[in-house]
K.L.:
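Just passing along the structure, written as structure tokens.
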Amino acid sequence: MPPDALTDIVTTVHDYLQYLQRLGVTELPLPALPQQGKTREDLQLSPARRLQQLAETTRHCQQCRLSKSRTQVVFGTGNPEADLVFVGEAPGRDEDEQGEPFVGPAGQLLTRIIEAIGLRREHVYMLNVIKCRPPNNRNPLPDELVACRPILQAQLACLQPRVICALGNFAAQALLHTEEKISRLRGRLHWFGDMQVMPTYHPAYLLRNPQAKRAVWEDMQLVQRALGLRSQRG
Ligand code: SF4
């Protein structure tokens, strides 16, 4: 485990407990003691169950002003045991209506990017840094990012992927605690706790700037290698 991983884990647990406290949760169930023939591991909740519990807790979240304008919380979707997780910025109009991240044209492009490295959409997990749509698709505000961060950290603690692909400035900066632009962060792997992070351009940016597709392909090849996947192109 890299040197800062333990500090990150403690910070994650601390932030999540504070978040639960703000939601009014005053007690947490203790894990059951091992029963005869069962180990503590047998009794632990699966990532899918833990994510489901977290989604239920988050569904009525009112920790920031975005709760007033959203149609619904867009928690995330995909394989809870995925090795690769994509983290975007915030839900847009389509996502807000359908309750799923990456469902519009940018989502279709992301599907093609995933397939280019030999995976399918259902193999990965997708989520956003911010779970509720900012009005008129404006950028998330700093206090909204802070309010939503414990949910992001708790999701990643449940998922524990090998690689996180951070799509766009907001996702990369939120995960890496930096103000560096995506153009300077992309092209190499970083660390978030004991998970590797590949920052790259958001598919919505690629739709407006197709010349950036080559850079994304180079980044995805690094992801492919980190996951030990075989190249799909020559
Ligand atoms: S954006 Fe995050 S913190 Fe704000 S209301 Fe939605 S779930 Fe809660």
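Both counts, for ligands and for their atoms, begin at 1 and track the order of listing. Given the structure is predicted, the values throughout are model-derived calculations rather than measurements.
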K.L.:
By number and element, which atoms of ligand 1 are closer than 4.0 Å to a non-hydrogen atom of Cys132?
P.N.:
1 (S), 5 (S), 6 (Fe), 7 (S)
K.L.:
Restricting to salt bridge (charged side-chain N to carboxylate O under 4.0 Å, His left out), what partner residues turn up for Arg138, sequence neighbours left out?
P.N.:
Glu144
K.L.:
Tell me, yes or no, whether the heavy-atom count around Gln211 atom CD, taken from other residues, nucleotides or ligands under 6.0 Å, exceeds 12.
P.N.:
yes
K.L.:
Would a distance-only check, ignoring hydrogens and angles, find a side-chain to backbone donor-acceptor pair under 3.5 Å from Gln173 to Glu180?
P.N.:
yes
K.L.:
In ligand 1, which numbered atoms sit nearer than 4.0 Å to a non-hydrogen atom of Gln63?
P.N.:
3 (S), 5 (S), 8 (Fe)
K.L.:
Any carboxylate oxygen within less than 4.0 angstrom of a Lys/Arg side-chain nitrogen, looking at Arg121 and Glu115?
P.N.:
no
K.L.:
Can you tell me if Cys64 has an N, O or S atom under 2.8 Å away from atom 6 (Fe) of ligand 1?
P.N.:
no
K.L.:
Using heavy atoms and a 4.0 Å limit, tell me yes or no: is Arg70 in contact with ligand 1?
P.N.:
yes
K.L.:
Can you list the atoms of ligand 1 that are under 4.0 Å from a heavy atom of Ser67?
P.N.:
5 (S)
K.L.:
Which of the atoms in ligand 1, numbered in the order shown and given with their element, are less than 4.0 Å from a heavy-atom of Ile151?
P.N.:
7 (S)
K.L.:
Kindly confirm whether atom 2 (Fe) of ligand 1 is within less than 2.8 Å of some N/O/S atom in Cys148?
P.N.:
yes
K.L.:
What atoms of ligand 1 come closer than 4.0 angstrom to any heavy atom of Ala147?
P.N.:
3 (S)
K.L.:
Can you sort out the partners of Arg112 under salt bridge (charged side-chain N to carboxylate O under 4.0 Å, His left out), two or more places apart, ordered by chain and number?
P.N.:
none
K.L.:
Any atoms of ligand 1 less than 4.0 Å from a non-hydrogen atom of Cys61? List them with their elements.
P.N.:
3 (S), 5 (S), 7 (S), 8 (Fe)
K.L.:
Would you confirm whether Arg162, through its side chain, and Ala226, through its main-chain N or O, come within 3.5 Å as a donor-acceptor pair?
P.N.:
yes
K.L.:
Decide, yes or no, whether a salt bridge links Asp143 with Arg65 under the criterion of side-chain N to carboxylate O below 4.0 Å.
P.N.:
yes
